[in-house]
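Please read the structure below before turning to the comments.
Both backbone and side-chain heavy atoms feed into the values below; hydrogens, waters and symmetry mates do not. Lettering of chains follows the sequences in order, A, B, ..., and the numbering in each one begins at 1. Values in this document were obtained by computation on a predicted structure and should not be read as measured data.
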Amino acid sequence: MKASELFFPTLREVPAEAEVVSHQLLLRAGFIRKASGGVYSYLPLAQRVLKKIMQIVREEMDRAGGQELMLPIIQPRELWEKTGRWDVYGDEMFRLQDRHKRYFALGPTHEEIITTLVNADVHSYRGLPLMLYQIQNKYRDEIRPRFGLMRGREFIMKDAYSFDVDYQGLDMSYQKMFEAYHQIFQRMELKYRVVEADSGAIGGSSSHEYMVLADSGEAEVVYCEQCSYAANVEKAECSCQEAVPGQTDALPLEKKHTPGQKTVEDVAAFFQRPTSQVIKTLLCLADGQPVVALLRGDRELNVVKFQNLLGCLDLVMADEKAAYELFGAGFGSLGPIGLDIPIYGDLEIQAMSAANCGANQDDYHYINVCPGRDFQVRQWNDLRNAVAGDPCPHCQNPLQLVRGIEVGHIFKLGDKYSRDLDASFLDQNGQSQIMVMGCYGIGISRTMAAAVEQNRDEQGIIWPLPLAPYQVIVIPVNSKKEDQMDLARSIYEQLLAKGIEVILDDRDERAGVKFKDADLIGIPLRITVGPKALQENKVEVKKRWEKDINMMGMEEVLNLIGELWG
RNA sequence: CGGGGCGUAGCGCAGCUUGGUAGCGCGCCUGAUUUGGGAUCAGGAAGUCGCAGGUUCAAAUCCUGUCGCCCCGACCA
């Protein structure tokens with residue numbers, strides 16, 4: 001492709017609306033343009049990257065026994081009513097009406113439609129198992145679309161659905177997908193991790209998320225370098241060291257005047273102690289009923305764990321007004337001593353012996369607090385988020401913490417949809433059985449953004465080799481110099497003849513402009529044709545991810561390309 | 001959904017308080033000189049000031065409404 005003909009409108013300045021790096025770079029490098037909030041056009045360079053992502057996904061899905069199909073994006077309301085999701089999905093779902101005032105959904109996902117499809121045409125165990133997948137636009141009317149392609153309202157998604165005769169079959173399908181996903185992200189050369197995910201409302205069966213590691217990721221993940229353990233911080237178990245009972249002969253409880261000391265940091269500083277010696281008292285409302293959680297001052301409450309423990313439907317932090325009503329004190333002066341509200345303590349609190357906590361009176365705190373002696377709790381539990389350095393629940397090795405972007409999610413659906421939509425078959429004994437399903441998603445457009453988020457520098461994008469829109473860019477330093485252009489053109493044609501994806505930057509621009517653009521759009525290999533190249537009958541080759549430039553002959557260039565993309 | 005901010009040329013922004021000829025930088029077009037990391041000079045094109053009402057002799061500017069976009073919040077005492 002000649003750069004003079006390629007549609008890649010690069011921007012020198014960062015558009016004001018772009019917050020995260022991937023969004024900024026994809027806009028600046030001429031990959032995407034916004035059509036509306038959370039809705040983007042994919043320009044030719046982006047389209048090439050997306051095709052490469054999709055191709056890898058397709059090949060691995062096919063290898064794992066999947067069959068690609070296309071499903072409607074416009075889906076009738078009745079299907080969604082059968083599973084109850086017409087209501088459950090709420091405002092997240094785009095809805096529309098036709099001229100007859102019938103309602104439709106723009107598919108946010110395709111369980112309903114595909115289960116109905118399979119139900120209609122598979123009636124025997126002989127037709128199972130079945131693994132079907134689609135790569136299509138999906139729609140979610142996000143409350144707040146943001147981060148460019150990261151959280152859009154229209155996005156490209158690969159979803160695979162498996163149908164099996166029983167749970168054993170589902171396990172096998174799941175395992176195949178689990179492995180296929182590893183293949184996919186390895187082939188994309190992305191740094192990623194699989195984590196155990198919360199299967200949530202769907203039930204106790206397993207679920208894994210594939211996270212592309214990037215500092216800007218929304219999710220925090222802890223992992224163990226020694227064993228294979230990895231989990232979302234919200235899911236990670238905190239296997240607290242066995243509780244050391246509070247010292248019974250400790251110093252007596254004392255109330256201290258602490259004017260103006262509100263936060264954990266204030267109180268810790270006031271008593272010249274670490275925040276880990278402060279007991280943080282959090283007032284929550286569980287289905288409207290007040291409950292208290294105690295955590296070390298340097299820990300965070302894990303709402304999911306707390307909610308699971310309480311078995312309530314709704315758990316929110318109470319506001320300060322409620323604190324005054326129940327404790328007679330405001331935030332910052334709350335404590336567990338003398339309360340008649342149910343108290344749940346984090347395991348770590350149990351091990352403390354001379355802690356500080358609020359006295360339920362503004363501007364007063366206790367010191368030398370001993371859990372068990374000075375107050376009782378209803379239960380000791382793991383209530384906090386995991387942090388770096390916590391022992392691995394499997395092997396005790398200190399856990400590492402990274403941030404990640406969720407690009408893949410697989411889970412076992414079981415019979416939820418097949419039951420609601422009556423997807424059944426006759427088994428060998430002529431008995432009617434419900435199919436057992438799994439579903440397996442990959443955010444295609446999000447993966448492109450995640451790849452940029454992870455692979456970039458100050459100059460622009462550094463595409464992983466398998467995803468790069470083009471492999472090589474040939475830059476004649478001065479397009480007006482015939483000899484340079486001739487050599488550049490001949491190199492370009494040689495590469496084209498070898499089937500290599502190459503751009504010839506034949507634009508009448510200064511060298512600096514071409515270099516800047518090449519770096520910005522992230523083409524892995526740059527071949528510069530200038531006076532030096534002409535003199536030595538060699539070309540200058542620069543790898544996008546390295547600083548240095550190498551002089552080499554065409555033979556060598558072709559070998560290098562062969563090695564890199566072999 | 002709550003709070004805040006913004007909408008002026010393709011992009012980034014000023015002008016608005018105090019109403020009176022619509023500006024700057026980058027980009028774009030033409031020409032010349034340049035040509036190894038976003039050139040220089042000269043000339044030029046380009047904006048119904050988001051949209052709709054209102055106030056006024058006069059509105060980018062004041063008022064009302066509306067649409068769009070961005071940020072924050074909806075868990076850390």
- Nearest-Å distance, CG (A/Leu301) to P (B/rC76)? 10 Å
- Query: Base, sugar-phosphate alone, or nothing: which one does A/Lys532 contact when heavy atoms must sit under 4.0 Å apart?
  - Reply: base
- When you compare B/rA9 with B/rG44, how far apart are their C1' atoms, in angstrom units rounded to a whole number? 14 Å
- Item | No-H, no-angle donor-acceptor pair, A/Asp519 side chain to B/rG37 base, under 3.5 Å | yes
- Task: To the nearest Å, give me how far apart CG (A/Leu520) and C1' (B/rG37) are.
- Result: 13 Å
- Message: When you measure only distances, ignoring hydrogens and angles, does the side chain of A/Arg28 come within 3.5 Å of the base of B/rG27 through a donor and an acceptor?
- Response: no
- Which one is paired to B/rG10, where only Watson-Crick or G-U wobble pairs with both distances under 3.5 angstrom count? B/rC26
- Item | Base partner of B/rU55, which must satisfy Watson-Crick or wobble distances under 3.5 Å | none
- Message: Please check: side-chain N/O of A/Gln24 versus main-chain N/O of A/Ala18, any donor-acceptor pairing under 3.5 Å?
- Response: yes
- Query: Want to settle it: does A/Leu11 or A/Gly37 sit nearer the 5' end of RNA chain B, counting the closest nucleotide to each?
  - Reply: A/Leu11
- Message: Rounded to whole Å, please give me the gap between CD in A/Glu13 and C1' in B/rG38.
- Response: 11 Å
- Per atom distances to the A/Glu17 side chain, the nearest of B/rC76, B/rC69, B/rG36 is B/rC69
- What orientation do A/Tyr344 and A/Phe306 show, parallel under 30°, tilted 30 to 60°, or perpendicular over 60°? perpendicular
- Is there a donor-acceptor contact under 3.5 Å from the side chain of A/His23 to the main chain of A/Leu149? no
- Which residue lies more 5' along RNA chain B, comparing A/Ser333 with A/Pro15 via nearest heavy atoms: A/Pro15
- Message: Using Watson-Crick or G-U wobble geometry with both distances under 3.5 Å, which nucleotide pairs with B/rU61?
- Response: none
- Task: Look only at the side chain of A/Arg526 and the backbone of A/Lys542, and say whether a donor-acceptor pair between them is shorter than 3.5 Å.
- Result: no
- According to the Watson-Crick and G-U wobble definitions, with both distances under 3.5 Å, which nucleotide is paired to B/rU40? B/rA32
- Nearest to side-chain heavy atoms of A/Asp517, which nucleotide of B/rG38, B/rC69, B/rC76: B/rG38
- Would you say B/rC26 has OP1 or OP2 under 4.0 Å from some side-chain N or O of A/Arg12? no
- Note on the structure: To the nearest angstrom, the CD-P distance between A/Glu142 and B/rC71 comes to 13 Å
- Message: Taking B/rC13 as the reference, what is the distance to B/rG47 when you measure between their C1' atoms (whole Å, please)?
- Response: 14 Å
- Ignoring hydrogens and angles, answer whether the base of B/rU34 and the side-chain atoms of A/Lys480 contain a donor-acceptor pair closer than 3.5 Å. yes
- Message: Expressed as a whole number of angstroms, how long is the span from A/Arg507:CZ to B/rG27:P?
- Response: 13 Å
- Parallel, tilted or perpendicular: which fits the ring planes of A/Trp80 and A/Tyr89, with parallel below 30° and perpendicular above 60°? perpendicular
- Below 4.0 angstrom from OP1 or OP2 of B/rC69, is there any side-chain N or O of A/Ser36? yes
- Message: Counting neighbours of CG on A/Asn537 that are heavy atoms of other residues, nucleotides or ligands and sit closer than 6.0 Å, is the number greater than 12?
- Response: no
- Query: Can you tell me how far C1' of B/rG10 sits from CG of A/Leu43, to the nearest Å?
  - Reply: 14 Å
- Cationic tip of A/Arg95 above A/Trp86 ring, under 6.0 Å, 45° of axis: yes
- Query: Choosing from B/rG12, B/rG38, B/rG36, which nucleotide comes nearest the side chain of A/Val477?
  - Reply: B/rG36
- Nearest whole angstrom, please: distance from the C1' of B/rC11 to the CG of A/Leu27. 11 Å
- Query: Counting side-chain heavy atoms from C-beta on, which of B/rC13, B/rG38, B/rC72 comes nearest to A/Ala16?
  - Reply: B/rC13
- Message: Measure CD/A/Glu92 against P/B/rC1 and give the value in whole Å, please.
- Response: 14 Å
- Item | Sugar-phosphate only, base, or nothing, as touched by A/Glu19 at under 4.0 Å among non-hydrogen atoms | sugar-phosphate
